[in-house]
Amino acid sequence: MSDIQIIVMEGNYNNSEAYNCVLGYIAQKAYLGGYGFRCTPELSIIDQFEISESLSNHSGFRKIWHFIITFQKSWDHTYLLGIGVQAAKLFSSDYQVLFALDLEGAEPHLHFGVNAFSYHPNTPILSEKIMDNYLKQIQNLLSEQYPDMTITLLYK
Amino acid sequence: MKKSKRIDLRATPEEIILLDQQAKENGMNRSEYIFSLVKKDSRQNSHELQIKNSLIENGLFNSLLLNPSLSNKAKQIIGKEMRKYV
């Protein structure tokens, strides 16, 4: 088994509850971060993701991407959060992202929910091809930082 | 209802045909269709600007998560506060 795995969660992310389900799930975790939303009582983070979809000039079925990064051994929380911030920042210039460090289960792991619709109305949706490029960037980033570790990218 | 004013627009015959087609397809008259686009454009710009501006605030929160001087407990409190807005 690899030291670090990037796993894309496959599921039903096309329906009207997709934002609620993924972002609501991620938000339950111990540590939270992300880019592309304001913390304001007027408009929830879920609402802000949905508005990007409704105002986009592009259409698509998938509303949100959910992926995780798992680690075989227990790492220091700050290191893991650093990886979370770095990965989230890659998306931030075009797509909104909420991430969390999950301490439940055998080992800590990071969850990411990335809006498939950009907050720039004319920017294309986060297609499988574009997402794969982002995930490979994350994989390369981790490979550079942890050259002795094996890092794999999986679609489940 | 507010009193509306007439405005003049210059358009080629082809543009007028296109405008009428699009307005009809959307169940609107010319004026309604033009201003629906203007309003949509305004909402898009406003949302885009708000999200762009939020990146600075997000960067601040994220940097707190990476601050070694802050305890894990304190970082979890930040998450707890953020959770209220999800």
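Below, all heavy atoms of this structure are taken into account, side chains as well, without hydrogens, waters or symmetry copies. We name chains A, B, ... by the order of the sequence lines, and we start the count at 1 in each one.
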B:Q50 portion near chain A, given a 4.5 angstrom heavy-atom threshold: both
Out of A:N57, A:N20, A:I26, return the one with the most heavy atom pairs under 4.5 angstrom to chain B. A:N57
Check A:K29 with A:E104, please: is the shortest side-chain N to carboxylate O separation under 4.0 Å? yes
With a 3.5 Å cut-off and no angle check, do the side chains of A:N115 and A:Y19 form a donor-acceptor pair? yes
Does the pair A:E17/A:K63 count as a salt bridge with the N-to-O cut at 4.0 Å? no
Counting heavy-atom pairs under 4.5 Å with chain B, which one of A:P121, A:G82, A:G33 comes out on top? A:P121
For A:L55 and B:R43 the tightest heavy-atom approach is CD1-O, 3.6 Å
Can you tell which part of B:I78 gets under 4.5 Å to a heavy atom of chain A, answering side chain, backbone, both or neither? neither
Residue A:L103 versus chain B: region with a heavy atom under 4.5 Å: side chain
A:D132/A:K136 salt bridge by N-O under 4.0 Å criterion: yes
Are A:Y146 and A:W75 close enough that their ring centres sit under 6.0 Å apart? yes
Whatever's closer than 4.5 Å to a heavy atom in chain B on A:H77 counts as side chain
A:Y155, A:F112, A:Y134 screened by ring pair (Phe, Tyr, Trp, His ring centres under 6.0 Å) with A:F67, the one that passes: A:F112
What part of A:F99 is in contact with chain B, defined as an atom under 4.5 angstrom from a non-hydrogen atom: side chain, backbone, both or neither? side chain
If I measure from the heavy atoms of chain A, does B:Q76 come under 4.5 Å with its side chain, its backbone, both, or neither? both
If you take all heavy atoms of B:H47 and A:S52, which pair is closest and at what distance? NE2-OG, 2.7 Å
For A:Q48, is it the side chain, the backbone, both or neither that has a heavy atom under 4.5 Å from a heavy atom of chain B? both
Among B:L66, B:N53, B:N62, B:N67, which residue forms the greatest number of heavy-atom pairs with chain A at distances under 4.5 Å? B:N62
Could you have a look at B:I77, B:L55, B:L70 and say which one has the most heavy-atom pairs with chain A under 4.5 angstrom? B:L55
Top of B:K84, B:E81, B:M82 for chain A proximity - count of heavy-atom pairs under 4.5 angstrom: B:M82
